[in-house]
Protein chains: 2
Amino acid sequence: MALRHAVLAALLEGDGSGSGGEYSGYQLAKAFDIGVANFWHALPQQLYAELTKLEKEGLVAGRQVVQETRPNKRLFRVTEAGLAELEAFAATPSKPSFIRDDLLVKVQAADCVDTGPLIEQLEERASVAEAKIELFGKLLRKMRGELDEAEFLRRGERIGPYLTCLRGLALEQENKEWGLRVAAVLRERRAVHAER
Amino acid sequence: MALRHAVLAALLEGDGSGSGGEYSGYQLAKAFDIGVANFWHALPQQLYAELTKLEKEGLVAGRQVVQETRPNKRLFRVTEAGLAELEAFAATPSKPSFIRDDLLVKVQAADCVDTGPLIEQLEERASVAEAKIELFGKLLRKMRGELDEAEFLRRGERIGPYLTCLRGLALEQENKEWGLRVAAVLRERRAVHAER
DNA sequence: GAAAGCATGTAACCGGTTACATGATTGG
DNA sequence: CCAATCATGTAACCGGTTACATGCTTTC
């Protein structure tokens, strides 16, 4: 039961554009897709359900916003109780991080299956990673504003998302590099195989 | 429903020590802990259940081994049908990889919670990562035997597990580096905060 | 005119986690 | 003597995924 904490942590950021510390379910889902997906994956339905639960427990507070040209929405912010919950969570020992990756399963079996489709998927993965690398680069620049990184990390106001984004960036760089390298290795072996 | 494929892929390796391509449930659980955990996480109960299911479907074959000094066990190997299943799986598009990490959730909220316990956890995480780095280094050396890496990747027989292990190594190096860096950043900020 | 974006959910199902259960042998 | 290792499961519960449901507005 830790989706709740991921939601609370994401909600702290609000959307920056204005009221600060507020997200609708829809906006939250988008934020998850971009920044939070590096360390927590969740579907929109889960988020809507979790927000409802958190509201009942008083950990977030929602307010209705009536819109004319758009459907109405509810904006949520973390309450005092929510903060306390996060605080408590931050002090408990962390579970080991946990990964699931189809593509790695396939590479594990690379000696026994046709590597053609694998090479394709690895290169596809690398190009997705490259797109994320660029995105994260932009996000980081935006967050740190005019300060350089060292300065920002020393005196910036909200460094949490910056630090997790750095992690995401490193992960995707690793993803790209590894994917291209493995694809190259498998190609080379296909060539050697074909020679004989 | 992809645990089955992770099990099949892991089973392909057997345990090296002897009969090749055979694991008991118990051994499989250990293999998951070491090599496979980098890209797939599963509890022993799941593995026992999955092996039973796979056997019913004919994707693996089990044989009973009676032992006197130890409890009896069943050793499983991948069948032709199992290989075909893996082959088919390898050719389908991969789901995006999926991560869950408590510690990153906490770092995301670092601006709003006490960073003391966070720093501890980050350093703990880094030292766990270091242990894994050493372990993977040994595993890689063992797998490649007397060949150097480039040579092994060109002509080695079973490179699948080697390639996934390389990924695990890179991941843990990244983990360690990031953990130490973030811990240092948070420490520095505590110091600055204390000054005022 | 079609597709993408805004906005929020419900319901059924299935996979994963937690807790429980057993019991002999070997090493520190 | 206690802990760890070998060895295999069952059962209840809960969280996550898949599929379904709606409907208006903006952009291409």
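Please read all numbers here as calculations on a predicted model, not as lab measurements. In what follows, chains carry the letters A, B, and so on, assigned in the order in which the sequence lines appear, proteins first and then strands, with residues in each chain numbered from 1.
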Indicate whether OP1 or OP2 belonging to [N] is found under 4.0 Å from a side-chain N or O atom of [X].
X: Gln46(A); N: dG16(D); result: yes
X: Arg74(B); N: dG9(D); result: yes
X: Tyr48(B); N: dG9(D); result: no
X: His41(A); N: dG16(D); result: no
X: Thr69(B); N: dT26(C); result: yes
X: Arg100(A); N: dG16(C); result: yes

Between atom [atom1] in [X] and atom [atom2] in [N], what is the gap in whole Å?
X: Leu43(B); N: dA12(D); atom1: CG; atom2: C1'; answer: 15 Å
X: Asn72(B); N: dT8(D); atom1: CG; atom2: P; answer: 9 Å
X: Trp40(A); N: dG16(D); atom1: CH2; atom2: C1'; answer: 12 Å

If each of Lys30(B) and Pro71(A) is mapped to the nucleotide of DNA chain D with the nearest heavy atom, which maps nearer the 5' terminus, i.e. the 5' end?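 It is Lys30(B) whose nearest nucleotide is closer to the 5' end.
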Would you mind checking if Glu130(A) and Lys176(A) are paired as a salt bridge, meaning a charged N to carboxylate O distance below 4.0 Å?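 Glu130(A) and Lys176(A): salt-bridged.
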Can you check whether Gln67(B)'s main-chain N or O pairs, donor with acceptor, with Asn72(B)'s side chain at less than 3.5 Å?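 Yes.
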Five-pair end axes of the helix from dG1(C)-dC28(D) to dG28(C)-dC1(D), angle between them (10°):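 Taking five pairs per end, the axes differ by 60°.
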Closest-nucleotide mapping onto DNA chain C: is Gly25(A) or Arg70(A) further toward the 5' terminus? I mean the 5' end. Arg70(A)
Do the ring planes of His41(B) and Phe98(A) sit parallel (below 30°), tilted (30 to 60°) or perpendicular (above 60°)? tilted
Is there a residue in residues 89-98 of chain B whose heavy atoms reach under 4.0 Å of DNA chain D, and which residues are they?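 Contacts with DNA chain D under 4.0 Å: Lys95(B), Phe98(B).
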Could you check whether Tyr162(B) and Glu149(B), counting side-chain N and O atoms only, form a donor-acceptor pair closer than 3.5 Å?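 Looking only at side-chain atoms, Tyr162(B) and Glu149(B) do form a donor-acceptor pair, the distance falling under 3.5 Å.
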Results of side-chain contact (heavy atoms from CB on, under 4.5 Å) for Ala170(B) - residues two or more places apart only: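 Expected list: Glu174(A).
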Looking only at side-chain atoms of Gln45(A), point me to the closest of dT8(D), dT10(C), dT25(D).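 Of the options given, the side chain of Gln45(A) lies nearest dT10(C).
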